[in-house]
Amino acid sequence: NAGVTQTPKFQVLKTGQSMTLQCAQDMNHNSMYWYRQDPGMGLRLIYYSASEGTTDKGEVPNGYNVSRLNKREFSLRLESAAPSQTSVYFCASSEEETGYTNRAPEAFFGQGTRLTVV
Amino acid sequence: DAKTTQPPSMDCAEGRAANLPCNHSTISGNEYVYWYRQIHSQGPQYIIHGLKNNETNEMASLIITEDRKSSTLILPHATLRDTAVYYCIVRVRRGGSNYKLTFGKGTLLTVNP
């Protein structure tokens with residue numbers, strides 16, 4: 001199983017350029033997330049999607065847009081890249097918690113996209 | 001989500017048990033304790049979670065105090081490959097936007113030969 005796949009793995013952008021980070025999961029999960037991680041820091045949530053067709057802002061949404069294209073895919077777009085957006089970006093997915101069991105769903109993460117904006 | 005407090009770093013000898021503490025004194029009754037780890041900037045990896053009972057799986061054991069204000073992750077026989085940043089996270093069990101995980105800075109565990 002591929003799990004969560006992110007593309008590209010590495011990217012260098014010039015200030016002001018735009019790009020889209022792609023994420024796909026093959027586990028039939030409802031919930032998907034985008035995080036960023038800066039050096040020496042924990043992960044910070046940018047946007048998340050609790051189900052297909054819905055998206056919500058996380059802690060640090062400014063400068064980003066997202067699209068939940070279908071159940072499998074959740075993309076993150078930088079419209080006008082800035083050096084402050086240099087970071088490692090992680091996509092994750094998890095099952096929807098139904099409330100009818102005692103099981104709390106774990107999240108599965110991709111391997112990350114290392115983005116540098118110069 | 002409740003705030004968690006972890007030591008920034010710990011060392012452990014290879015083959016010995018690694019005990020990683022976490023304080024979550026403001027945890028609510030409907031919040032789970034999760035542990036993830038991140039090896040060398042890879043994507044975080046789920047380890048274990050629990051509500052109030054101790055839990056064990058093939059990777060680790062989770063001990064939660066009776067008042068649920070703290071927990072300990074135990075790696076019974078640490079190996080060099082267990083060197084990683086370990087994150088303790090509390091998260092509500094259900095409820096729309098609360099599926100999200102909030103990461104702190106975690107504990108850097110270094111397993112020494």
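Here is the naming used below: chain letters follow the sequence lines, and residue numbers restart at 1 for every chain. Keep in mind that this is a model prediction, so the values were computed, not measured.
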Below 4.5 Å from any heavy atom of chain B, which atoms of Gln6(A) appear? Answer side chain, backbone, both or neither.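 Answer is neither: Gln6(A) stays 4.5 Å or more from chain B.
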Looking at every non-hydrogen atom in both residues, tell me the closest pair between [X] and [Y] and how far apart they are.
X	Y	value
Tyr87(B)	Leu43(A)	OH-CD1, 4.2 Å
Tyr34(B)	Glu106(A)	CE2-CA, 4.2 Å
Arg114(A)	Gln42(B)	NH2-N, 4.5 Å
Tyr46(B)	Ala107(A)	CB-O, 4.2 Å

Is there a path of hydrophobic side-chain contacts, each under 4.5 Å between heavy atoms of I, L, V, M, F, W or Y residues, that connects [X] with [Y]?
X	Y	result
Phe74(A)	Ile46(A)	yes
Leu115(A)	Tyr64(A)	yes
Tyr86(B)	Leu80(B)	yes
Met32(A)	Val60(A)	yes

Chain A contact via Gln45(B) - side chain, backbone, both or neither, heavy atoms under 4.5 Å: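 Neither part.
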More than 12 heavy atoms from other groups under 6.0 Å of CZ on Arg77(A):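 More than 12 within 6.0 Å, yes.
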